[in-house]
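Structure, as structure tokens:
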Amino acid sequence: MKQIFAIAINCLKELWRKKDIYTFLVLFFILFIFLISENFFGIRDISRYTKDIGFTIALLFSLIIAVTFSVKQIPSEVEFKTIYALLAKPLTRFQLIIGKFLGSFFTSSSAFSALFALFAIFVYIKGEGVAPILLAQSYILGLCLMSVLCSVSTLLSLFFTTSGAATLSFIIYFGITWFSDMLRNTLLDSGGITKILGLIFYYLIPHYEFYDIKIRLVHSWEPLPTTIFLLIIVYSLVYTYTLLFLSYLGIKRRVF
Amino acid sequence: MAAIFFMASFINNYEETFFLAKDFEDKGFFYKVLGEFRKVLSDYAFIRADEYYHSGLTIQNRLNEKEDLFHESEEAHGESAKKMDYAKNPFPKGNILAFISEEVALSEHMHLHGGEEKELLPWLYYSVKLDPNNINAYVIGSDWLNTRLNKTNEAIDFLKLGLTENPDSWQIYEELGRISFFKEKNFNMSLSYFQKALALQNQDNADIFERGEVLSFVAASYEKLGDKEKATQYYKEKRELFPDNPAVQKKVEMLEAETEL
């Protein structure tokens with residue numbers, strides 16, 4: 001456990017050392033200042049667009065950090081031959097995968113937390129605000145999203161080049177979030193062999209659309225029912241663990 | 001290499017037509033940065049405004065409703081907030097993931113009301129900032145400002161801004177005419193706007209229903225000003241477009257009878 005956290009903390013330090021996050025935070029801050037200073041026909045307290053754009057940008061920046069950090073964790077160790085030093089330590093390959101995943105997860109989560117905190121402050125300063133429970137749900141679901149994203153990217157990084165894995169991660173994310181409704185409706189309307197194949201595909205893909213409650217947040221809809229909220233958390237944990245186990249199987253017998 | 005070879009001529013052509021264009025320096029920030037892509041973003045902003053009015057439901061969501069989108073009742077689009085049944089797909093038995101996905105999606109269709117309509121204005125504002133030729137955004141934006149938010153002066157200013165960018169837009173003139181007619185009751189002004197709109201309409205930019213509507217407004221403005229002969233003349237012109245419309249026929253007959261008296 002100690003070794004796993006040592007690897008994870010190392011990754012986290014890398015984020016703050018490399019200063020990528022500062023750029024994102026400054027950009028995010030400038031964007032919010034620009035958004036809240038806009039004047040639309042002299043009407044006061046227009047705020048939903050700030051929530052909308054702000055939350056989208058916070059997620060997008062965190063997504064970029066999650067994917068770009070996850071895909072280079074193991075390949076960079078291989079490239080610089082530091083993986084030999086790591087594997088020479090009393091550390092199993094599964095622990096290595098978990099450590100690298102936790103590093104990416106802590107990194108993207110800390111970036112998301114910082115951006116989300118800034119978002120929450122601006123939302124409460126300007127306009128109608130948000131119900132605290134809805135804000136808490138969107139934060140926790142954001143963390144779950146980071147977990148699934150990091151595990152998907154880690155798995156892909158074992159079979160593709162760094163840039164290929166990153167590109168594929170982004171394609172999967174945007175493809176699923178944009179076309180999930182169509183996919184679900186197609187599946188429900190289909191029959192026979194198409195339905196069986198569709199179901200297999202549907203169960204295999206990461207359901208990123210579960211984490212998108214932006215519309216509820218922006219338009220102050222009711223929070224997600226507790227059962228559904230808990231089911232999404234359980235789904236995230238199971239999906240993350242399964243992908244990490246597959247990643248472990250991917251490097252179990254690999255000769256570096 | 002082949003792609004670069006073909007791209008070179010494309011970039012050269014693009015540079016000549018875009019960056020070296022005579023009026024490039026006068027173009028706005030979004031034109032310089034985004035080029036023609038700004039039109040796509042402008043349309044996207046316009047669609048977002050529509051989604052905001054329906055509290056986040058997309059057109060696709062609304063098409064899934066029990067009630068056909070194109071037959072939504074007037075009441076449903078009225079002033080008051082209406083929660084309408086949103087037809088979810090039948091419960092996907094045994095498919096827990098599809099079930100969660102259904103539950104995460106929105107389940108009620110509610111319209112902005114009681115001043116909340118202001119929330120869609122930023123998208124219409126950005127829509128025209130991105131593409132100053134997006135006439136629909138000017139017309140719809142001014143309609144919200146005028147009718148729902150009681151900001152008539154701002155609506156007129158928005159339309160006049162649209163006119164500086166689109167001096168040949170009959171739609172903007174018609175909207176200005178509507179505000180003068182219904183809100184300001186200035187029928188001389190409305191007549192001048194409607195006549196300008198009528199003059200700008202042609203077969204390519206307006207269908208017979210749009211022309212008929214402007215003709216009605218011109219006629220109605222004359223009627224309000226007491227010039228029944230002129231009003232009859234324009235209603236007759238409308239009758240030529242819609243010979244089977246009993247309401248127009250009746251209006252012509254009524255005005256002719258009044259003129260004879």
Side-chain angles (χ1 to χ4, degrees), chain A residues 35 38-53 56 127-128 137 141 176 179-189 195 198-199 202-222 224-225 227-235 239, chain B residues 45 48-49 51-58 60-61 63-64 83 88-108 110-112 115-126 129 141-142 144-146 148-158 161:
Chain A
L35 286 177
E38 280 278 29
N39 180 3
F40 303 102
F41 312 102
I43 299 173
R44 293 169 64 87
D45 298 332
I46 298 179
S47 65
R48 291 188 187 181
Y49 78 102
T50 52
K51 284 192 269 179
D52 194 338
I53 299 173
T56 304
E128 59 186 9
Q137 279 190 348
L141 289 184
I176 289 170
F179 300 111
S180 62
D181 278 355
M182 195 185 77
L183 194 66
R184 187 180 67 241
N185 292 338
T186 310
L187 180 68
L188 293 172
D189 294 339
K195 186 163 187 130
L199 267 174
Y202 197 74
Y203 270 85
L204 284 178
I205 58 169
H207 284 274
Y208 292 128
E209 81 273 15
F210 290 175
Y211 311 101
D212 186 7
I213 59 165
K214 187 181 73 185
I215 293 175
R216 288 177 188 269
L217 196 67
V218 171
H219 296 285
S220 301
W221 282 82
E222 287 169 8
L224 277 176
T227 326
I228 300 299
F229 180 63
L230 293 174
L231 275 173
I232 297 173
I233 293 174
V234 171
Y235 167 80
Y239 200 87
Chain B
R48 292 307 308 270
E51 287 174 13
Y52 265 46
Y53 177 57
H54 296 276
S55 286
L57 286 185
T58 62
Q60 190 56 48
N61 290 146
L63 281 170
N64 291 339
K83 282 188 178 181
K88 286 184 178 180
N89 281 314
F91 178 74
K93 282 177 190 165
N95 190 339
I96 184 73
L97 297 185
F99 171 66
I100 297 173
S101 187
E102 282 284 321
E103 288 298 310
V104 171
L106 293 179
S107 59
E108 284 172 338
M110 205 169 162
H111 293 151
L112 294 183
E116 282 181 336
E117 295 92 338
K118 68 186 177 190
E119 298 291 350
L120 51 85
L121 291 175
W123 295 107
L124 296 169
Y125 174 85
Y126 286 128
K129 280 274 176 191
S142 67
W144 283 112
L145 280 165
N146 178 43
R148 297 291 181 94
L149 299 165
N150 233 4
K151 294 266 180 185
T152 306
N153 290 337
E154 284 78 359
I156 292 170
D157 288 346
F158 194 43
L161 175 73

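So that the names make sense, note that chain A is the first sequence line, chain B the second, and so on, each numbered from 1.
With a threshold of 4.5 angstrom between heavy atoms, A:Leu183 does not approach chain B through any atom at all. In this structure, chain B has no heavy atom under 4.5 Å from any part of A:Leu141. In this structure, the portion of B:Leu145 lying under 4.5 Å from any heavy atom of chain A is its side chain and not its backbone. Of the two parts of B:Leu149, only the side chain, counted from C-beta on, holds a non-hydrogen atom closer than 4.5 Å to a non-hydrogen atom of chain A. Heavy atoms closer than 4.5 Å to chain B are found nowhere in A:Tyr211, neither backbone nor side chain.
Looking at heavy atoms from C-beta onward, B:Pro122 lies out of side-chain contact with A:Glu38 at the 4.5 angstrom threshold. In this structure, A:Ser47 and B:Glu119 have side chains that are in contact, with non-hydrogen atoms separated by less than 4.5 Å. Side-chain contact between A:Glu209 and B:Ile100 is absent, with no heavy atoms from C-beta onward closer than 4.5 Å. Under the 4.5 Å side-chain criterion, counting only non-hydrogen atoms from C-beta, B:Lys151 is not in contact with A:Phe41. Side-chain contact between B:Ile96 and A:Tyr203 is present, with at least one heavy-atom pair separated by less than 4.5 Å.
Within a 6.0 Å sphere centred on NZ of B:Lys129, other residues, nucleotides and ligands contribute 12 heavy atoms or fewer.
The backbone N or O of A:Ile228 lies less than 3.5 Å from no partner atom in the side chain of B:Glu103, so there is not a single donor-acceptor pair. Without hydrogens or angle criteria, B:Glu154 side chain to A:Gly42 main chain gives no donor-acceptor distance under 3.5 Å. Between the side chain of A:Arg216 and the backbone N or O of B:Val104 there is at least one donor-acceptor pair closer than 3.5 Å.
Residues A:Asp52 and B:Arg48 are paired through a salt bridge, judged by an N-O separation under 4.0 Å between the basic side chain and the carboxylate.
Evaluation of the ring pair (Phe, Tyr, Trp, His ring centres under 6.0 Å) rule for A:Phe40 yields A:Tyr49, B:Tyr125, B:Tyr126 as partners, not counting sequence neighbours.
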